[in-house]
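For reference, the structure discussed in these notes is given below.
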Amino acid sequence: MTRLSSEWRRTHYTKDVDESLTDEEITVMGWVHEIRDLGGIIFVLIRDRNGMIQLTAPSKEIDPELLEKIRKLRKESVIGLKGKVQESGKAPNGVEIIPSEIKIFSLANQPLPMDPTEKVKAEIDTRLDSRFIDLRKPSISAIFKIKSKMLHTVRTFFEEEDFLEINTPKLVASATEGGTELFPITYFEKEAFLGQSPQLYKQMMMSAGFDKVYEIAQIFRAEEHDTLRHLNEAISIDMEASFMDDVDVMKILNDLVQKVIINVKQDCKEELKTLEMDLEIPEGHFDIVTYDDAVDIVNSKDVPMEWGEDLSRAAEKALGKVMDGYYFLTEWPTEIKPFYVMPNEKNPVKSHAFDLMYKDLEISSGAMRVHQHDLLREKIAEKGLNPDAFGGYLKAFEYGMPPHAGWGLGADRFNMTLTGLKNIRETVLFPRDRRRLTP
RNA sequence: GCCCUGGUGGUGUAGGGGCUAUCAUGUGGGCCUGUCGAGCCCGCGACUCGGGUUCAAAUCCCGGCCAGGGCGCCA
């Protein structure tokens, strides 16, 4: 009874139904958004992924069996509707459908776990528990349409720049890399971990001679952070390129961010409007602030900060007030950056590492890397890590490694800057945070 | 992990030692032939859990669980 037989195929999305189709018999598929039964006439709003159309049923003029079916409908049920398009100044889009046949694919239970029409707001926790309904709201699906456009632009951009898309393992053996906490898992009779970053693998691809690579993939971090900008599972856009330095890859990052903003602004007008987001296309090169300058700026805003410290949240906020939009933070102290970051030749206390910031939010970090085996081994030891645990990685530096540089861009954080959202959970379909593992 | 705040019908809320626990939305039924946040009538539906104080606890106290926010952590 509820099988999709060959006669039941969509002919139009609701947004494509207009006056030009007047008197034509069409088929739409969607969710029952609203039902207004006035007795002598019934209106049903049918919603699909791009819009809505009104079904209008004057009770005396349509088949009683069909009328009974319409009266049985409940909100958010999924139906197919066949009918004739009619022009009407009184209908929401100027057109409505007079039904000839209805197929009820699934009746929705009542009451609904939350209100998809947004008449009554729901809290984020309630929304995430019923994410499948939450995502039916245009203001929420807009976030993911923008995200899709962003990721598509990234792939097109790298393709045009002659990069190879790669896939590195997310099941990794070593917990000795230091830094962030990892999620341990059982790997047959061994212990393994979920990958925190493709860093070491994308560097090994430089030794392999792939020259320019990128990867868009999940990263996992077992930190017990509890903020609006951290997740335990996130999407990272990573790139690495040989015979380039930090300045070269900053240029690539700059161009990519601009390209994404241009495309989103051009192709996601409706979505940006729904989100009340006025995207500005940054002109030319992003501002560059050296770490030294940043320390001065932060201190001048009465947030105490010593040279050599990482930015506290207060320092980020102070900096974000002075620097609007996107900007690079460069010349970081070598001490607070990872072992693979190249120190400055003349002053090794400083490094060739940079961050890309958007106001007070770090969205990317990158660097020119150490490509000399002996120096790399030394720097691993300096960080208190055991170089022997990096055997597979270090080996790639022993038999011909070009100089190289790269960065990682947090896709979800980048999406926050495109959509104006304050909570990173909003930009992920099914976020994984400290407490949430379902749905 | 620390600090602050909170947890009341499906959803969002008001109340803050003793009344039939407020309102909106929803939901079930009824009326209505142009609704579009439809309207009107009738009904339905809730105090996070455990312990304590008290004649009396949704309300005060303690603890748990959960949530929101801030910070820390985040090679």
Side-chain angles (χ1 to χ4, degrees), chain A residues 33-45 52-62 67 71 74-76 86 88-94 96 98 108-130 133-134 174-182 195-197 199-200 203 219-232 234 310-317 332 334-341 351 353 355 362 365 367 369-370 376 379-380 382-385 389-390 393 408 410 413 422-425 433-436:
Chain A
H33 187 75
E34 289 273 19
I35 306 163
R36 300 197 188 94
D37 185 349
L38 276 64
I41 190 166
I42 304 171
F43 302 104
V44 180
L45 283 174
M52 286 193 233
I53 190 82
Q54 179 171 281
L55 173 163
T56 302
S59 53
K60 280 177 190 158
E61 292 164 39
I62 64 166
L67 188 70
R71 289 200 200 275
R74 295 190 294 243
K75 284 187 186 180
E76 296 305 312
Q86 189 174 81
S88 167
K90 297 170 196 160
N93 309 335
E96 58 195 7
I98 309 299
N109 285 154
Q110 304 293 339
L112 300 161
M114 58 173 285
D115 170 24
T117 69
E118 299 191 75
K119 273 182 230 162
V120 181
K121 290 263 176 289
E123 289 188 355
I124 184 100
D125 191 50
T126 306
R127 290 173 41 210
L128 291 176
D129 281 342
S130 300
I133 292 186
D134 189 44
S174 179
T176 55
E177 290 173 27
T180 191
E181 294 289 322
L182 304 180
Q196 57 174 302
S197 154
Q199 181 63 33
L200 307 187
Q203 284 192 266
I219 56 169
F220 304 92
R221 306 211 166 159
E223 296 297 334
E224 295 190 336
H225 33 47
D226 205 358
T227 79
L228 297 180
R229 56 198 185 283
H230 287 93
L231 289 170
N232 295 296
D310 205 347
L311 268 65
S312 66
R313 188 66 193 130
E316 284 180 339
K317 282 179 174 168
W332 282 80
T334 306
E335 177 77 26
I336 54 171
K337 284 291 174 180
F339 61 79
Y340 49 76
V341 161
S351 74
D355 280 2
E362 177 197 330
S365 61
R369 321 297 192 187
V370 174
L376 188 57
K379 287 182 57 72
I380 290 171
E382 268 173 30
K383 291 281 175 191
L385 301 167
F390 290 82
Y393 169 67
R413 285 190 178 185
K422 299 242 159 27
N423 190 340
I424 197 165
R425 278 156 259 244
D433 64 30
R434 176 150 166 218
R435 296 188 184 88
R436 183 174 286 277

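All chains are named by letter (A, B, ...) in the order of the sequence lines, taking the proteins before the strands, and each is independently numbered beginning at 1.
Nucleic acid contact class of K383(A) (heavy atoms, under 4.0 Å, all strands): none. Residue S88(A) is in base contact, counting any heavy-atom pair closer than 4.0 Å across all strands shown. Among the protein residues, P113(A) comes within range of the sugar-phosphate backbone only, with heavy atoms under 4.0 Å from sugar or phosphate atoms but none that close to a base.
When every heavy atom of R434(A) is checked against every heavy atom of N232(A), the shortest pair comes out as N-ND2, 3.0 Å. The heavy-atom pair separating K422(A) from L228(A) by the smallest distance is O-CB, 3.4 Å. Residues E96(A) and A91(A) come closest through the heavy atom pair OE1-CB, 3.6 Å.
Spacing between C74(B) and C62(B) at atom P, rounded to whole Å, works out to 34 Å. Separating the C1' atom of C3(B) from that of U13(B) is a span of 27 Å, rounded to the nearest Å. Comparing the same atom, C1', in A75(B) and in C71(B) gives a spacing of 22 Å after rounding to whole Å. Rounded to whole Å, the separation between the C1' atoms of U59(B) and G18(B) comes to 11 Å. Atom name C1', nucleotides G68(B) and C36(B): the rounded distance is 35 Å, in whole Å. One C1' atom belongs to G12(B), the other to A67(B), and the distance between them is 15 Å to the nearest Å. On the C1' atoms, A46(B) is 27 Å away from C4(B), given to the nearest whole Å. The gap from the C1' atom of C49(B) to that of A57(B) amounts to 15 Å, rounded to the nearest Å.
Under a cut-off of 6.0 angstrom, the local environment of CD in E335(A) is sparse, with at most 12 non-hydrogen atoms contributed by other residues, nucleotides or ligands.
Atom pair L55(A):CG and C36(B):P shows a separation of 17 Å (rounding to whole Å applied). We find that CD1 of I42(A) is positioned 16 Å from C1' of C36(B), with the value rounded to whole Å. Rounded to whole angstrom, the span from the CD atom of E96(A) across to the P atom of U33(B) amounts to 17 Å. Protein atom CD1 of I41(A) is 18 Å distant from nucleotide atom P of G39(B), rounded to whole Å. Note: CD (E61(A)) to P (G34(B)) measures 13 Å, nearest angstrom. Counting to the nearest Å, the P atom of C74(B) and the CD atom of E316(A) are 13 Å from each other. One atom, CD of Q54(A), and another, P of U33(B), lie 16 Å apart when rounded to the nearest Å. Rounded to a whole Å, the CG atom of L311(A) is 12 Å from the P atom of C73(B).
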Table of protein N/O atoms under 3.5 Å from nucleotides 23-29 of chain B N/O atoms:
from	atom 1	to	atom 2	distance (Å)
G26(B)	OP1	K119(A)	NZ	3.3

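We find that R221(A) and E181(A) are not joined by a salt bridge, their nearest charged nitrogen and carboxylate oxygen being 4.0 Å or further apart. Remark: D125(A) does not engage R425(A) in a salt bridge, criterion side-chain N to carboxylate O under 4.0 Å.
Side-chain N or O atoms of S365(A) include none that pairs as donor or acceptor with a backbone N or O of D355(A) at under 3.5 Å. Using a distance-only test at 3.5 Å, with no hydrogens or angles considered, no donor-acceptor pair links the side chain of R369(A) to the main chain of Y340(A). In this structure, the side chain of Q196(A) does not engage the main chain of L182(A) through any donor-acceptor pair within 3.5 Å. Remark: the backbone N or O of K337(A) is paired with a side-chain donor or acceptor of K383(A) at under 3.5 angstrom. In this structure, N93(A) contributes its side chain and M52(A) its backbone to a donor-acceptor pair below 3.5 Å. Looking at R413(A), its side chain does come within 3.5 Å of a backbone N or O of E362(A) through a donor-acceptor pair.
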Which letter, B, S or -, goes with each nucleotide of nucleotides 65-71 of chain B from 5' to 3', with contact meaning a protein heavy atom under 4.0 Å? --SSSSB
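Side-chain N/O atoms of R36(A) include none lying less than 4.0 angstrom from OP1 or OP2 on U33(B). Taking 4.0 angstrom as the limit, T126(A) places a side-chain polar atom (N or O) nearer than this to OP1 or OP2 of G12(B).
Comparing F43(A) and I336(A) along RNA chain B, the residue whose closest nucleotide (by nearest heavy atom) sits nearer the 5' end is F43(A).
Under the 30°/60° scheme for interplanar angles, the aromatic rings of H225(A) and H230(A) are found to lie parallel.
Closest to the side chain of A91(A), out of A75(B), U35(B), C73(B), is U35(B).
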Which dot-bracket string describes RNA chain B (Watson-Crick N1-N3 plus N6-O4 or O6-N4, or G-U N1-O2 and O6-N3, all under 3.5 Å; [ ] crossing; | other strand)? (((((((..(((.....[....)))((((((.......))))))...(((((..]....))))))))))))....
